[in-house]
Participant: 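The following block contains the structure, expressed as structure tokens.
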Amino acid sequence: MADGPILVIAGGAGFIGANFARYVAAARPEWRLRVLDKLTYAGDRARLAGVDAEFIAGDIADPEAAASVLAGARWLVNFAAETHVDRSLQDAQAFLRTNVTGTFVLMSAAGDAGVERIVHVSTDEVYGESHGQAFREDDLLRPRSPYSASKAGGDLQVLALHATYGLPVCITRGANTIGGWQHPEKAVPLFTINALLDKPLPVYGRGEQRRDRLHVDDHSRAVLSVLERGEVGTVYNVAAGNNRDNLTVVRAILERLDRPESLIRFVEDRPGHDWDYIMDASRLAGLGWQPEHDFESALNLTVDWYVEHRDWWEPIVSGEFRRYYDRQYGQRLATSEAYRP
Ligand code: NAD
Ligand code: DAU
């Protein structure tokens, strides 16, 4: 274990948090990493295999757990959150508790512990739909789902703690992130896994909504840049400019896997489905960050990772996840339409 200054990574057993831990362990080997994670259905310590980090199981909304994990820490990055939009449409309670209350509790504890620098990881979804117009960091927040509204609530608490008590915090607002270790509930893993299993790919609506596909390594580099060089009290958009509609993404996955487009099914849309989120990331570029992965690179690396890591995702998709899958897709697939090019 390294013996340098301590970085606490909350939510570090999740998709982006664990990739970030792995990235920092290699890039800053002298730092000591301490992960706090509640291990919800989305958390998995397997993502941290081989990463030199202390692991503490706990809840960011628990003041004692937060205070104890932050003792002696120099830095904090908070990834901990409930993250799946569709689940927030089924039940939003956990989203409010973790993303709003939990964020406030963790940030307050970091202030009390004298943490020198904090990054709170947020999302492009807090701005609402952009309809082709790129969001800047000072634009109004118009979130439209229970998930994005809870993330906006967290952002506002963080900024309030900065304004009121001088909490030394920055916020990053990342685009739709893809890469290895993402939970199979999210679109790119779900489409990839279903294609590998010769199961239908459930595309909401007509697949016209657009997302900016940011590779997780670019996201990790952005968060580290903001931790080291960001100006406190400032928000940074993290965008790759890889905006594609969902149908294009699904077709690219099938092509990569050499599977037929007859697997594509158009299903009942997500209620309130946001059309697009386009962001201007020039403020972050001012810190020297640029994305390294274009759309093809980000997507192909991700698809290939799932091809090579069946041992990780097979137990997940055959376990409790099946109940969620049937609830979310059973009726949708029963009333779906085939895609006709
Ligand atoms: P994830 O769902 O894969 O991981 C979230 C992690 O947080 C899990 O390990 C979970 O166990 C943990 N967690 C949940 N509630 C907790 C609590 N109360 N206390 C402690 N730990 C808790 O999510 P992700 O995709 O890695 O997202 C990480 C962060 O990045 C989130 O804040 C999310 O809003 C944000 N974000 C995600 C994306 C994306 O496309 N995935 C894009 C932009 C921003
Ligand atoms: O943009 C950042 C956000 O990206 C993060 O804040 C969220 O935590 C993360 O989950 C992600 O949200 P999205 O709603 O964009 O991701 P999801 O993978 O759920 O869906 C991506 C797109 O694919 C979206 O337009 C909905 C669509 N979709 C999704 C699923 C799960 C489908 O068409 N079918 C599906 O089965």
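Counting starts at 1 for both ligands and their atoms, following the listed order.
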Participant: Go through ligand 1 atom by atom and flag the ones less than 4.0 Å from a non-hydrogen atom of Ala42.
Facilitator: 2 (O)
Participant: Think Lys151 forms a cation-pi with Phe95, using NZ or CZ under 6.0 Å from the six-ring centre and within 45 degrees of its axis?
Facilitator: no
Participant: Return the residue, atom name and 0.1 Å-rounded distance of the protein heavy atom closest to atom 27 (C) of ligand 2.
Facilitator: Asn246 ND2, 3.5 Å
Participant: Measure the distance from atom 29 (C) of ligand 1 to every protein heavy atom, then report the residue, atom name and distance (to 0.1 Å) of the closest one.
Facilitator: Phe79 O, 3.2 Å
Participant: Please list the nearest protein heavy atom to atom 14 (O) of ligand 2 with its residue and the distance rounded to 0.1 Å.
Facilitator: Arg270 NH1, 2.6 Å
Participant: So for atom CG, which belongs to Asp198, do other residues, nucleotides or ligands contribute more than 12 heavy atoms lying within a distance under 6.0 Å?
Facilitator: yes
Participant: For ligand 1, which atoms sit closer than 4.0 Å to a heavy atom of Gly43?
Facilitator: 8 (C), 9 (O), 11 (O)
Participant: Answer with yes or no whether the side chains of Thr101 and Arg97 bring together a donor and an acceptor at under 3.5 Å.
Facilitator: no
Participant: Under 4.0 Å from a heavy atom of Gly58: which atoms of ligand 1 are those, numbered in the order shown and with their elements?
Facilitator: 19 (N), 20 (C)
Participant: Any heavy atom of Ala18 sitting closer than 4.0 Å to ligand 1?
Facilitator: no
Participant: Name the closest protein heavy atom to atom 31 (C) of ligand 2, giving the residue it belongs to and the distance to 0.1 Å.
Facilitator: Tyr329 OH, 3.3 Å
Participant: Do Gln209 and Tyr204 have side-chain N/O donor and acceptor atoms under 3.5 Å apart?
Facilitator: no
Participant: Do Asp326 and Tyr329 have side-chain N/O donor and acceptor atoms under 3.5 Å apart?
Facilitator: no
Participant: Counting non-hydrogen protein atoms only, what is the nearest one to atom 3 (O) of ligand 1? Give residue, atom name and distance.
Facilitator: Phe15 N, 3.0 Å
Participant: For atom 15 (O) of ligand 2, find the nearest protein heavy atom and state the residue, atom name and distance (0.1 Å precision).
Facilitator: Arg211 NE, 2.8 Å
Participant: Counting only heavy atoms closer than 4.0 Å, does ligand 1 sit against the backbone of Lys151, its side chain, both, or neither?
Facilitator: side chain
Participant: Give the atom numbers and elements of ligand 1 that come within less than 4.0 Å of a heavy atom of Asn176.
Facilitator: 40 (O)
Participant: Starting from atom 16 (O) of ligand 2, which protein heavy atom do you reach first, and at what distance in Å?
Facilitator: Asn176 ND2, 3.4 Å
Participant: Consider ligand 1: state whether an atom of it lies below 4.0 angstrom from any non-hydrogen atom of Ala13.
Facilitator: yes
Participant: Would Ser220 and Asp217 count as having a side-chain donor-acceptor pair, cut-off 3.5 Å?
Facilitator: no
Participant: Consider only side-chain N and O atoms of Ser130 and Asp276, and report whether a donor and an acceptor are under 3.5 Å apart.
Facilitator: yes
Participant: Between Gln209, Gln182, His273, flag the one that comes closest to atom 25 (O) of ligand 2 by a heavy atom.
Facilitator: His273
Participant: Any idea which of Pro189, Pro202, Ala187, Ser88 brings a heavy atom closest to atom 34 (N) of ligand 2?
Facilitator: Pro202
Participant: Taking both backbone and side-chain atoms of Thr123, is any N or O found less than 3.5 Å from an N or O belonging to ligand 1?
Facilitator: no
Participant: Can you tell me if Glu185 has a non-hydrogen atom under 4.0 Å from ligand 2?
Facilitator: yes
Participant: Classify the side-chain pair Gln328/Gln90 by whether it contains a donor and acceptor separated by less than 3.5 Å.
Facilitator: yes
Participant: How close does the nearest protein non-hydrogen atom get to atom 15 (N) of ligand 1, and which residue and atom is it?
Facilitator: Thr98 CG2, 3.6 Å
Participant: Under 3.5 Å, is there a donor on one side chain and an acceptor on the other for Asp44 and Trp312?
Facilitator: yes
Participant: Out of all atoms in ligand 1, which are within 4.0 Å of some heavy atom of Ala80? Include the element for each.
Facilitator: 7 (O), 20 (C), 21 (N), 22 (C)
Participant: Please list the nearest protein heavy atom to atom 35 (C) of ligand 1 with its residue and the distance rounded to 0.1 Å.
Facilitator: Val121 CG1, 4.0 Å
Participant: Any salt bridge between Glu228 and Arg28, counting N to O under 4.0 Å?
Facilitator: yes
Participant: So is Tyr41 touching ligand 1 or not, going by heavy atoms under 4.0 Å?
Facilitator: no
Participant: Between Phe20 and His219, is the gap from one ring center to the other below 6.0 Å?
Facilitator: no
Participant: Please say whether Arg47 places an N or O atom under 3.5 Å from an N or O atom belonging to ligand 1.
Facilitator: no
Participant: What do you reckon, does Ala61 have a nitrogen or oxygen under 3.5 Å from a nitrogen or oxygen of ligand 1?
Facilitator: no
Participant: Tell me, which protein residue and heavy-atom name are nearest atom 1 (O) of ligand 2, and how many Å apart are they?
Facilitator: Asp124 OD1, 2.6 Å
Participant: What protein heavy atom sits nearest atom 4 (O) of ligand 1, and how far away is it?
Facilitator: Gly14 CA, 3.4 Å
Participant: Taking non-hydrogen atoms only, is Thr83 closer than 4.0 angstrom to ligand 2 via side chain, backbone, both or neither?
Facilitator: both
Participant: Can you tell me which portion of Glu125 lies within the under-4.0 Å heavy-atom range of ligand 2? Options are side chain, backbone, both, or neither.
Facilitator: side chain
Participant: Is there a side chain to side chain donor-acceptor pair (under 3.5 Å) between Glu185 and Tyr325 once you walk through the steps?
Facilitator: CA-CA 8 Å; Glu185 70 192 355; Tyr325 191 90; over 6 Å; no
Participant: Count the heavy atoms of every other residue, nucleotide or ligand shown that sit under 6.0 Å from CG of Asp311, and state whether that count exceeds 12.
Facilitator: yes
Participant: Starting from atom 34 (O) of ligand 1, locate the nearest protein heavy atom and write down its residue, its atom name and how far away it is, to 0.1 Å.
Facilitator: Tyr147 OH, 2.7 Å
Participant: Honestly, is Arg87 close enough over Tyr324, meaning NZ or CZ under 6.0 Å from the six-membered ring centre and within 45° of the axis?
Facilitator: yes
Participant: Taking the six-membered ring of Phe295 as reference, does the cationic atom of Arg244 (NZ for Lys, CZ for Arg) lie under 6.0 Å from its centre and within 45° of its axis?
Facilitator: yes
Participant: So which protein heavy atom does atom 11 (O) of ligand 1 come closest to, and at what separation?
Facilitator: Asp37 OD1, 2.6 Å
Participant: Should Ala175 be listed as contacting ligand 1, given a heavy-atom distance under 4.0 Å as the test?
Facilitator: yes
Participant: If you measure from atom 5 (C) of ligand 2 to every heavy atom of Tyr147, Trp275, Tyr204, which option wins on shortest distance?
Facilitator: Tyr147
Participant: Measure the distance from atom 5 (C) of ligand 1 to every protein heavy atom, then report the residue, atom name and distance (to 0.1 Å) of the closest one.
Facilitator: Ala81 O, 3.5 Å
Participant: What atoms of ligand 1 come closer than 4.0 angstrom to any heavy atom of Leu39?
Facilitator: 11 (O)
Participant: Taking Asn176 for its side chain and Arg213 for its backbone only, find out whether a donor-acceptor pair lies under 3.5 Å.
Facilitator: no
Participant: Relative to ligand 1, is Thr83 under 4.0 angstrom through side chain, backbone, both or neither, heavy atoms considered?
Facilitator: side chain
Participant: Looking at Tyr127, is Arg173 sitting on its ring face, NZ or CZ under 6.0 Å from the six-membered ring centre and within 45 degrees of the normal?
Facilitator: yes
Participant: Could you walk me through whether Glu268 and Gln331 pass side chain to side chain donor-acceptor pair (under 3.5 Å), step by step?
Facilitator: CA-CA 9 Å; Glu268 182 193 329; Gln331 182 60 26; over 6 Å; no
Participant: I need the nearest protein heavy-atom contact for atom 10 (O) of ligand 2: residue, atom name and distance, please.
Facilitator: Lys186 CE, 3.0 Å
Participant: When you look at His120 and Asn78, which way does the side chain to side chain donor-acceptor pair (under 3.5 Å) test go after all the steps?
Facilitator: CA-CA 5 Å; His120 175 67; Asn78 179 31; 3.3 Å; yes
Participant: Which is it for Val267 and ligand 2 at heavy atoms under 4.0 Å: side chain, backbone, both or neither?
Facilitator: neither
Participant: What atoms of ligand 1 come within less than 4.0 Å of a heavy atom belonging to Asp59?
Facilitator: 17 (C), 18 (N), 19 (N)
Participant: May I ask you to list the atoms of ligand 1 that are less than 4.0 angstrom from any heavy atom of Ser122?
Facilitator: 43 (C), 44 (C)
Participant: Just going by heavy-atom distances, which of Ile56, Asp62, Ile16, Thr172 is nearest to atom 38 (C) of ligand 1?
Facilitator: Ile16
